[in-house]
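Okay, structure first, notes after.
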Amino acid sequence: HAVVRRFFRLLTLERPLIVWLEDAHWGNDALGLAYSVLENQRYAPMPVLFVLTTRDETLAERPVERALLEDIDTLHGATRMELGTLDERDQQRLVQQVMGLEEGLARQVVERTSGNPLPAVEIVRDWVHRGALEPSPRGFTLAPGEDLSLPDDLHAVWMRRVERVLRGMPVEAEAFLEAAAVLGLEVDEEEWREVTDHPDGFDNQQYVEKGGMAFFPGRARIRARLADRLLDYRLAEETVTGWSFAHGMIREAVLRWGRESGREYRHHRAAASMLQRRFLRGQRDVAERLGKHLEAAGRLEEA
């Protein structure tokens with residue numbers, strides 16, 4: 001660190017210096033260097049600015065790097081900036097104008113990536129590498145037979161994070177997470193409870209009657225623990241009615257996992273049953289969702 005500090009000082013004799021540490025959550029040595037330089041500013045100041053970028057969901061799994069960043073945050077002049085997602089309009093501009101996709105296809109990418117530009121770029125890059133795009137007068141469209149599936153490498157990255165969340169949890173937690181993904185990006189706690197407590201949806205366990213509905217205490221504990229772990233690992237965010245996936249790509253990866261496990265149809269059947277009860281009680285705003293779940297469950301005439 002002392003050698004690098006001296007090198008930095010030589011550079012600053014000519015001009016101020018900016019040091020950018022990208023994905024700083026992977027490098028405790030780089031964070032140690034940043035702390036060393038910034039702490040020495042009190043004794044031997046020099047015109048240097050450090051810019052450190054981290055990702056919340058990865059930092060949650062790196063306790064050493066998280067502690068180092070907290071130490072840096074206490075130093076004089078340190079500023080923390082939270083960078084959120086792009087709003088829908090800007091994400092649409094990125095995908096449609098910058099990447100040249102046709103408007104309808106761009107809209108589907110926007111819906112899947114939820115304002116996060118990196119996965120949007122990676123999805124389009126995967127299509128380019130596979131030759132999955134073809135030109136049209138309105139922009140690039142998907143070639144016949146291609147779909148919006150998540151690239152394999154991106155799917156693997158997200159699933160590694162999901163698997164860390166599930167580590168040490170009961171086997172049912174995996175299916176409960178798939179059911180949450182089937183419900184949507186935002187998960188209503190009451191809907192999630194009804195879907196995962198559906199007698200036909202999961203293996204029968206001991207249950208009690210509560211308000212005329214089957215209630216499984218063991219499943220309630222699994223749901224609560226699973227939601228807490230998703231929040232701890234920054235893969236989910238709290239909402240007024242429950243929680244939401246932090247990124248559309250997390251949900252997309254879990255949906256693909258559900259398809260590959262063969263449990264997806266079961267989740268859609270349980271979701272359709274839950275929404276059907278609401279529809280029959282006069283809650284007409286669920287009609288579109290109900291139709292989609294019925295279709296996904298293979299009940300086309302009802303849909």
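- A continuous path of hydrophobic side-chain contacts links Tyr35 to Leu38 [ILVMFWY only; heavy atoms under 4.5 Å].
- Checking each of Thr58, Leu31, Thr54 against Trp26 for a side-chain contact (heavy atoms from CB on, under 4.5 Å) leaves exactly one that passes, namely Thr58.
- Within the 4.5 Å cutoff, the side chain of His1 has heavy atoms near those of the Asp29 side chain.
- A salt bridge links Lys292 to Glu288: one of the charged nitrogens lies within less than 4.0 Å of a carboxylate oxygen.
- To the nearest 0.5 angstrom, Leu275 atom CG is 11.5 Å from His268 atom NE2.
- A salt bridge links Arg107 to Glu103: at least one charged side-chain nitrogen sits closer than 4.0 Å to a carboxylate oxygen.
- Of the residues Arg263, Arg266, Arg259, the one that meets the side-chain hydrogen bond (donor to acceptor under 3.5 Å, both in side chains) test with Glu178 is Arg263.
- Summarising the geometry, atom CG belonging to Leu33 is positioned 5.0 Å from atom CZ belonging to Phe8; distances are rounded to the nearest 0.5 Å.
- Linking Ile, Leu, Val, Met, Phe, Trp and Tyr residues whenever their side-chain heavy atoms come within less than 4.5 Å places Leu94 and Val128 in a single cluster.
- With contacts defined as side-chain heavy-atom distances shorter than 4.5 Å, the pair Asp56/Glu82 qualifies.
- If you take CG on Leu226 and CH2 on Trp243, they are separated by 6.5 Å, rounding to the nearest 0.5 Å.
- Taking CG from Asp285 and CZ from Arg278, the interatomic distance works out to 10.0 Å, rounded to the nearest 0.5 Å.
- In this structure, Arg193 pairs ionically with Glu190, as a charged nitrogen and a carboxylate oxygen lie closer than 4.0 Å.
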